[in-house]
Amino acid sequence: MFNALKTRSDALSARLAALPERPPTIDWAYYKSAVAKSGMVDEFEKKFSALKVPEPVDTQTAKIDAQEQEASKSTAEYVQASKARIAQYEQHLQKLKSMIPFEQMTFEDLNEAFPETKLDKEKYPFWPHKPIADL
Amino acid sequence: MLSRLVLRAAPAALRNLAPPATVGVLHVTRPLHTTQQRSAPLPPLPEKGGEVRHGLIPEEFFQFLYPKTGVTGPYMLGTGLLLYLLSKEIYVINHETVASACILTVIIYGVKKYGADVAAFADKLNEEKMAKALAVKNEAIKGLETAIEEEKKEQWRVEGRKYLFDAKRNNIAMLLETNYRERLLTVYNEVKKRLDYQVAMQNLKRQKEQDHMIQWVEKNVVQSITPQQQKDSIAKCILDLKALSKSAQAAYLEKMGSGSSKKAAEPISTTVTVQTPVQTPVSTTVADMKPPEVKCWIDNHEILYMSLAFISGILSAVLVFAIIHLCRKKCRRPHQTLQEELPTQTVTEESEKNTQNEVTYTTLVFQRSRTPVAV
């Protein structure tokens with residue numbers, strides 16, 4: 001996604017750099033001396049200097065601003081979610097760090113610390129209380 | 001472990017009982033064991049069991065008797081007890097005693113010898129389990145920490161969205177600028193094209209006029225040349241060419257004078273063309289090539305020596321064969337005279353002599369056959 005934007009902007013900047021800032025000026029004196037038709041060159045010169053090229057109108061900046069607003073909203077939501085996740089992780093981390101060492105644990109303690117180690121005696125009433133494949 | 005269970009069960013049980021704070025006369029305002037929290041972390045289990053002497057009797061017994069009876073007290077007690085049991089036949093010695101003695105000996109020997117190893121093995125198994133659990137826990141901790149880091153990084157990254165939109169705005173500005181420049185350029189190009197067209201048209205017209213005029217002038221001039229003028233001009237050309245050819249011949253002679261001496265001084269034709277002097281040097285150079293070739297073949301030393309050696313070899317071979325032939329002739333004559341002079345001798349002598357002669361003959365032949373040495 002970002003690469004597409006990058007390529008596009010690079011292409012644009014290349015195009016911009018390729019064009020000269022101002023077109024070269026026309027040598028009116030030479031043409032006045034060279035062209036036999038009188039008045040033609042003068043007429044051209046007058047019209048040329050009078051001509052004003054309009055600058056293109058900018059229509060898209062408003063859209064981009066709108067996009068920016070949207071983006072900031074979504075980022076705020078994302079940041080909120082991220083913070084919640086961080087809080088969860090921190091909690092879990094604290095639990096793990098404050099655990100008693102394994103050497104002093106009983107199986108009950110282990111089941112409290114890691115609930116997934118608890119053997120399900122209702123589902124598998126007979127020893128080893130878990131499917132044979134899990135041994 | 002039982003102590004632990006008790007410790008665990010006690011608060012639960014007491015909680016269930018939970019006597020009310022004020023019951024009649026008892027002004028017990030302090031609640032008993034009604035805290036919901038668990039007790040502090042349970043004390044860890046002791047590493048080793050209680051000290052035992054001789055594998056049977058706990059150390060506490062010895063310590064109990066020490067103040068009264070000293071070090072030897074328990075042992076005296078034990079010996080006395082044993083003797084009492086044996087003498088009063090409270091413990092009867094029978095076959096089972098012997099069997100138990102043997103079994104116990106074996107057991108004690110086994111335990112004493114291999115006990116430590118077995119204990120170490122069991123400890124190792126336990127250690128492995130612990131290590132696995134510990135590894136799991138450590139990995140979980142690490143994973144959580146990295147997750148927290150990643151989340152923080154993502155939050156930081158999100159703050160950089162401003163740059164994206166700035167880039168987009170930049171893009172727009174660039175597009176506008178490019179468009180404007182393109183427009184200016186097209187205007188300029190169009191105007192220039194039109195002006196250049198006018199100039200080019202004018203130039204073309206002028207050139208055409210010039211060419212036409214030149215052609216017309218040339219045609220008129222050619223027409224105006226009279227026949228008399230033509231003859232005069234041709235004669236002048238011939239004279240000029242003769243002068244040129246004389247100067248060219250002189251130059252050529254000087255060049256060829258320093259070449260080979262075999263060249264014959266051929267008379268140079270007086271034709272206008274200069275081609276024939278060029279042909280003669282080519283033929284002389286071809287003649288020069290042939291004589292050196294003949295000399296080269298005889299001068300070749302190697303061929304000379306080879307041929308000499310070949311001829312000498314043939315001559316020597318002929319000489320040797322001649323000598324052999326002469327020797328053969330000589331030996332045949334004495335062989336014949338011997339046979340004529342002794343016809344009366346006995347057969348054996350003859351046969352002997354013949355055999356001897358044959359032997360000498362064969363030896364001579366062998367000798368002779370050996371003589372032609374290879375050249």
Side-chain angles (χ1 to χ4, degrees), chain A residues 2 5-6 8-9 12-13 15-16 19-26 30-31 34-37 40-41 44 47-48 51 53-61 64-65 67-68 71-72 75 78-79 82-83 85-86 89-90 92-93 96-97 99-106 108-110 113-114, chain B residues 1 4-5 8 41-45 47 126 129-131 133-134 136-138 140-141 143-145 147-148 151-152 154-155 158-159 161-162 164-165 167-189 191-192 194-196 198-199 201-203 205:
Chain A
F2 174 69
L5 177 66
K6 188 171 189 311
R8 222 155 5 117
S9 54
L12 279 174
S13 61
R15 248 175 67 188
L16 184 66
L19 289 171
E21 197 179 318
R22 257 165 228 311
T25 48
I26 298 179
Y30 165 70
Y31 282 117
V35 177
K37 270 204 207 134
M40 184 167 157
V41 176
F44 271 37
K47 287 208 178 132
F48 183 75
L51 179 68
V53 180
E55 276 198 21
V57 178
D58 178 13
T59 51
Q60 306 292 334
T61 352
I64 289 198
D65 288 333
Q67 272 183 354
E68 203 168 349
S72 43
T75 46
Y78 177 75
V79 165
S82 167
K83 287 211 168 99
R85 275 196 292 267
I86 286 182
Y89 294 152
E90 291 269 341
H92 204 53
L93 199 65
L96 279 177
K97 282 206 172 134
M99 223 165 60
I100 54 177
F102 288 104
E103 286 87 1
Q104 298 170 12
M105 268 207 251
T106 63
E108 277 187 5
D109 290 334
L110 183 67
F114 300 103
Chain B
M1 219 200 60
R4 274 227 207 158
L5 285 172
R8 272 239 183 102
L42 297 166
L45 290 169
E47 270 292 309
N126 208 23
K129 280 192 208 161
M130 290 296 174
L134 205 65
V136 164
K137 178 178 145 191
N138 283 346
I141 287 178
L144 283 171
E145 278 172 358
I148 290 173
E151 290 285 332
K152 292 209 172 111
E154 284 299 312
Q155 282 179 14
V158 148
E159 283 167 23
R161 69 191 177 281
K162 185 168 78 72
L164 271 174
F165 292 108
K168 282 198 172 182
R169 278 189 272 261
N170 257 8
N171 275 5
I172 288 177
M174 275 200 285
L175 261 176
L176 293 174
E177 180 67 27
T178 330
N179 213 344
Y180 178 64
R181 283 190 199 174
E182 270 174 11
R183 288 182 192 178
L184 286 174
L185 205 61
T186 40
V187 162
Y188 162 79
N189 280 343
V191 171
K192 197 154 183 341
R194 284 180 179 45
L195 287 170
D196 283 338
Q198 291 295 325
V199 171
M201 271 284 289
Q202 276 175 267
N203 285 346
K205 199 155 168 215

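First the proteins, then the strands, lettered A, B, ... as listed; each starts at 1.
- Salt-bridge formation is not detected for the pair A:Arg85/B:Glu154: no Lys NZ or Arg NE/NH1/NH2 atom is positioned less than 4.0 Å from an Asp or Glu carboxylate oxygen.
- Options B:Val136, B:Val199, B:Asn203, B:Thr178 differ in how many heavy-atom pairs under 4.5 Å they form with chain A, and the most are formed by B:Thr178.
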Between A:Arg15 and B:Glu182, is the side-chain contact (heavy atoms from CB on, under 4.5 Å) condition met? List the steps. CA-CA 10 Å; A:Arg15 248 175 67 188; B:Glu182 270 174 11; 3.8 Å; yes
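- Neither the backbone nor the side chain of A:Leu110 comes within contact range of chain B, judged by heavy atoms closer than 4.5 Å.
- Residues B:Gln155 and A:Lys83 are in side-chain contact: their nearest non-hydrogen atoms beyond the backbone lie under 4.5 Å apart.
- The distance from the CG atom of A:Leu19 to the CD atom of B:Glu177 is 9.5 Å, given to the nearest 0.5 Å.
- Note that CD of A:Glu103 and CG of B:Asn126 are 8.5 Å apart. Values are rounded to the nearest 0.5 Å.
- The distance from atom CG of B:Leu144 to atom NZ of A:Lys97, rounded to the nearest 0.5 Å, is 9.0 Å.
- At a 4.5 Å heavy-atom cutoff, the contact between B:Leu134 and chain A is made by backbone and side-chain atoms alike.
- Distance CG/A:Leu12 to CG/B:Asn170: 10.5 Å, rounded to 0.5 Å.
- Both the backbone and the side chain of B:Asp196 come within contact range of chain A, each with at least one heavy atom under 4.5 Å from a heavy atom of that chain.
- In plain terms, the two heavy atoms of B:Glu151 and A:Ser82 that are nearest each other are OE1-OG, 2.5 Å.
- To the nearest 0.5 Å, atoms CG (B:Leu175) and CD (A:Gln60) are separated by 9.5 Å.
- Looking at A:Pro101, neither its backbone nor its side chain comes within 4.5 Å of chain B, counting heavy atoms on both sides.
- Taking OG of A:Ser72 as the start and CZ of B:Arg161 as the end, the distance is 5.5 Å to the nearest 0.5 Å.
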What verdict does the side-chain contact (heavy atoms from CB on, under 4.5 Å) test give for B:Gln198 and A:Val41, after you've listed the backbone C-alpha separation in whole Å, the side-chain angles of each residue and the deciding distance to 0.1 Å? CA-CA 10 Å; B:Gln198 291 295 325; A:Val41 176; over 6 Å; no
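- Of the residues considered (A:Met99, A:Lys47, A:Arg22), A:Met99 shows the highest number of contacts with chain B, using heavy-atom pairs under 4.5 Å.
- For A:Tyr89, the parts lying near chain B are the backbone and the side chain together; criterion is any non-hydrogen pair under 4.5 Å.
- For A:Phe44, there are no ring-ring contact (aromatic ring centres under 6.0 Å, His included) partners, not counting sequence neighbours.
- Within 6.0 Å of CE on B:Met130 lie more than 12 heavy atoms contributed by other residues, nucleotides or ligands.
- Other residues, nucleotides and ligands contribute more than 12 heavy atoms inside 6.0 Å of the OH atom of A:Tyr78.
- What you find for A:Leu96 and B:Lys137 is that their closest heavy atoms are O-CE, 3.4 Å.
- Using a 4.5 Å cut-off between heavy atoms, A:Phe48 contacts chain B through its side chain alone, with no backbone atom that close.
- For B:Lys129, no part lies under 4.5 angstrom from a heavy atom of chain A.
- Residues B:Arg169 and A:Asp65 form a side-chain contact, since some pair of their non-hydrogen atoms from C-beta on lies under 4.5 Å apart.
- Among all heavy-atom pairs drawn from A:Thr25 and B:Tyr188, the shortest one is C-CE1, 4.3 Å.
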